[in-house]
Amino acid sequence: GRNMIKGIVENINEVTASLRRITDSNEDKINRIVDDIEALSSQLAHETDRHQQNSLMNDLSKIGPILDKVDATVSDLKVIV
């Protein structure tokens, strides 16, 4: 009985120490991953906001008139050809 309980307690202590080492050694990596996700989220919010200057969605809205001119030019070319 006593030896069995002592063995269980020793195993629990070893597992706890091992988990502590794993957690401590990976804490910086986890923090960097969280920081990267926050930066990505912020960048996505900027790029998808059509009111933000230099955002992807804002730039796409400027392409509309250019595409209209391309369509008109293609139509003119069809008439000529």
Check Thr48 against Ala45 and note the closest heavy-atom contact, atom names and distance. OG1-O, 3.5 Å
Is the closest side-chain heavy-atom distance between Asn11 and Glu14 below 4.5 Å? yes
I need the Asn26 CG to Asn31 CG distance, nearest 0.5 Å. 10.5 Å
Ile8 with Val15, same ILVMFWY side-chain cluster at under 4.5 Å: no
Measuring from atom CG of Asp59 to atom CD1 of Ile63, what distance do you get when rounded to the nearest 0.5 angstrom? 7.0 Å
Got a donor-acceptor contact below 3.5 angstrom from the Asn58 side chain to the His51 backbone? no
Non-hydrogen side-chain atoms of Ser75 and Lys78 separated by less than 4.5 Å: no
So which atom in His46 and which in Gln53 form the shortest heavy-atom distance, rounded to 0.1 Å? CE1-O, 3.5 Å
Measuring from Leu44:CG to Ile37:CD1, what's the distance to the nearest 0.5 Å? 11.5 Å
CZ-OG1 distance between Arg21 and Thr16, expressed to the nearest 0.5 angstrom: 10.5 Å
Could you note down all residue pairs passing side chain to side chain donor-acceptor pair (under 3.5 Å) where residues 34-45 supplies at least one of them, sequence neighbours left out? Gln43-Glu47
